[in-house]
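Ligands are counted one by one from 1 in listed order, and the atoms in each one are counted from 1 as well. Sequential numbering from 1 along the given sequence is applied to the chain's residues.
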Amino acid sequence: MPVPKVVTRFAPSPTGYLHVGGARTALFCWLLARHCGGEFLLRIEDTDLARSTEQATVQLLDDLRWLGLNWDNPQLVHQSQRTDVYNRLIDDLMARGLAYEAWETPQELAALRQEAEKQKRAFIYQRRNYSTDQLAQFAAQGRKAVVRFATPVQPYSFHDAVLDKDITQPIEEVQDFVIRKADGMPTYHFAVVVDDAEMGVTHVLRGQEHTKNTFLHLALQKALGYAQPVYAHLPVIQNLDGSKMGKRDRDKKVRERAQVWLKTHQKTVDDLATAAALDAPGLGVWIKDSKTQLDLDQQQAVMQAIHLKESELPEILVNDFRRQGYLPEVLLNFLALLGWSPGEDRERMSIGEMVRLFELKDIGKSNAKFSRDKLLSFNTDAVAEADPNRLIAAFRDYLSVNPASPLTPATDAQLAELLDMKKGFRLLREVDELSRFLFVPDDQIDYQPQAVEKVLKKENNQGASVLRDLRQLLEGSATWEAGALEQQVQSYCSEKNLALGKVAQPLRVAVCGSTVSPPIFHSLAFLGRNRTLARIDRCLTILA
Ligand code: GLU
């Protein structure tokens with residue numbers, strides 16, 4: 001018998017950028033399909049009209065493209081455009097007595113749930129019979145019915161390919177569930193079953209949070225006459241402290257830092273609210289209650305007020321990693337190891353190797369720990385080994401998602417030079433931030449007061465007088481090239497009996513505003529004579 005082609009799918013709900021959990025699911029689906037010579041399909045599950053946005057879909061696709069997880073269906077499937085298909089099937093189930101209209105309001109259901117809770121029993125929906133009068137009353141009230149699936153009461157069981165065991169739903173948990181919502185859209189459960197079948201999906205890989213949903217899907221598959229795919233529920237991704245990794249982690253960090261800010265600056269929440277132009281009572285609730293979250297704009301406002309940089313927040317979304325300057329191939333390699341191990345302690349792998357080695361049986365059963373240090377060390381090694389052209393392309397991409405960086409207009413040759421100056425870097429963001437002074441206009445260098453004090457003013461303005469000498473020296477230098485400039489400054493040091501640091505530091509502060517920069521003579525060469533002298537002059541004027 002011919003072996004059927006493996007078909008996997010990634011089915012995100014477009015409610016925001018892709019997070020690492022979603023990316024790991026997409027990667028495993030993609031790897032399995034590529035390993036088996038099968039197909040990897042992409043479907044947008046946008047039946048939740050209130051939460052799905054077109055912009056989120058665009059962002060998701062962009063993230064997947066950045067990771068290189070290409071999908072095989074030329075036409076994207078949007079569930080929101082398939083309501084006719086779902087409705088036909090739902091009507092048919094109703095005609096067969098396998099689905100029915102239910103009229104309880106969300107409030108009535110919540111009350112029933114509460115009642116069950118009080119009695120310490122699980123809430124199981126019981127089908128109601130409505131009288132003609134009741135139905136007329138509902139219609140008059142403008143109530144909208146949902147459609148529930150009349151789930152045949154029997155045990156539902158499947159083999160989980162990750163846990164490598166059969167998982168069975170206790171029969172007393174079987175209940176009728178909603179398949180069409182009051183707004184006319186199918187529920188996730190219904191649409192996912194129909195689409196997986198219609199798209200010929202043979203292997204469903206998804207997070208463990210979906211394990212129990214699978215029972216509902218099996219019941220629907222039987223009623224609709226569909227084949228059952230292989231199910232593999234992937235382990236949970238956790239922070240190192242065992243908490244579940246999620247978007248809340250960023251909010252948590254902002255709250256912690258805001259609390260520190262209030263304390264160290266002896267400020268009140270009202271002060272913070274004013275500084276961030278936010279509503280004080282709302283901010284007051286957020287600062288105390290870790291269950292609340294700021295939305296993205298509010299978060300940005302607080303961060304600005306307390307001088308918390310985005311790069312200090314833990315990355316959660318694929319886009320966060322991209323904006324930090326990780327290489328996508330590194331992120332993929334790292335994500336692959338969150339639950340999968342090809343054996344023999346093998347860790348660093350190219351994408352080709354991962355495709356060759358990936359097998360479902362090697363996905364682990366236990367939770368995966370997300371170690372940022374490990375990811376960072378992967379990236380550090382990978383950029384050290386990368387081909388210069390690869391790095392330039394990656395830097396360009398980094399700048400495309402960091403459009404506010406002054407490096408944006410840099411030429412490829414300049415980017416290559418910057419990368420070369422900062423050899424041993426971990427993230428492209430470091431190269432960017434450390435090189436920005438080379439791209440800002442000469443009259444906009446910010447002089448760090450401590451640097452000026454320590455390096456230029458101390459000991460009776462010794463640094464400033466060195467700077468004056470250097471200005472003259474540099475003005476007259478025959479060639480403007482890193483090696484030659486260094487030699488000239490070295491001779492000056494010997495002549496004056498000064499350590500190189502006593503001379504290089506004033507120069508550094510004058511051209512870049514702080515005591516940290518890429519190699520100083522390369523920086524001077526990069527800036528050119530005129531810009532270097534202009535900066536020294538401005539610095540001396542400020543000191544005078
Ligand atoms: N839209 C669902 C989600 O994003 C898909 C789950 C599944 O793969 O079945 O969680």
Fill in: Residue-ligand contact Phe10/ligand 1, heavy atom below 4.0 Å
no
Fill in: Short N or O distance, Ala11 and ligand 1, threshold 3.5 Å exclusive
yes
Worksheet item: Is the NZ or CZ atom of Arg128 both under 6.0 Å from the centre of the six-membered ring of Tyr130 and within 45° of that ring's axis?
Response: no
Go through ligand 1 atom by atom and flag the ones less than 4.0 Å from a non-hydrogen atom of [X].
X	value
Ser13	1 (N), 2 (C), 3 (C), 4 (O)
Arg9	7 (C), 8 (O), 9 (O)
Glu45	1 (N), 2 (C), 5 (C)
Val192	9 (O)

Practice prompt. Look at atom 9 (O) of ligand 1 and say which protein heavy atom is nearest, naming residue and atom and giving the distance to 0.1 Å.
Written response: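 The protein heavy atom lying closest is Tyr188 OH, 2.7 Å.
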Discussion item. Return the closest protein heavy atom for atom 10 (O) of ligand 1 as residue, atom name and distance.
Written reply: His210 NE2, 3.0 Å
Worksheet entry | side-chain contact (heavy atoms from CB on, under 4.5 Å) against Gln114, all qualifying residues, sequence neighbours excluded | none
Worksheet entry | Ring centers of Phe190, Phe149 separated by less than 6.0 Å |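 Between Phe190 and Phe149, the centre distance exceeds or equals 6.0 Å.
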Worksheet entry | Distance flag, aromatic centroids of His217 and Tyr188, threshold under 6.0 Å | yes
Worksheet item: Under 3.5 Å, side chain of His78 to main-chain N/O of Ser80, donor-acceptor pair present?
Response: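 Checking the backbone N and O of Ser80 against the side chain of His78, no donor-acceptor pair under 3.5 Å is found.
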Practice prompt. Kindly give the heavy-atom pair with the smallest separation between Leu60 and Pro14, and that separation in Å.
Written response: CD1-CA, 3.7 Å
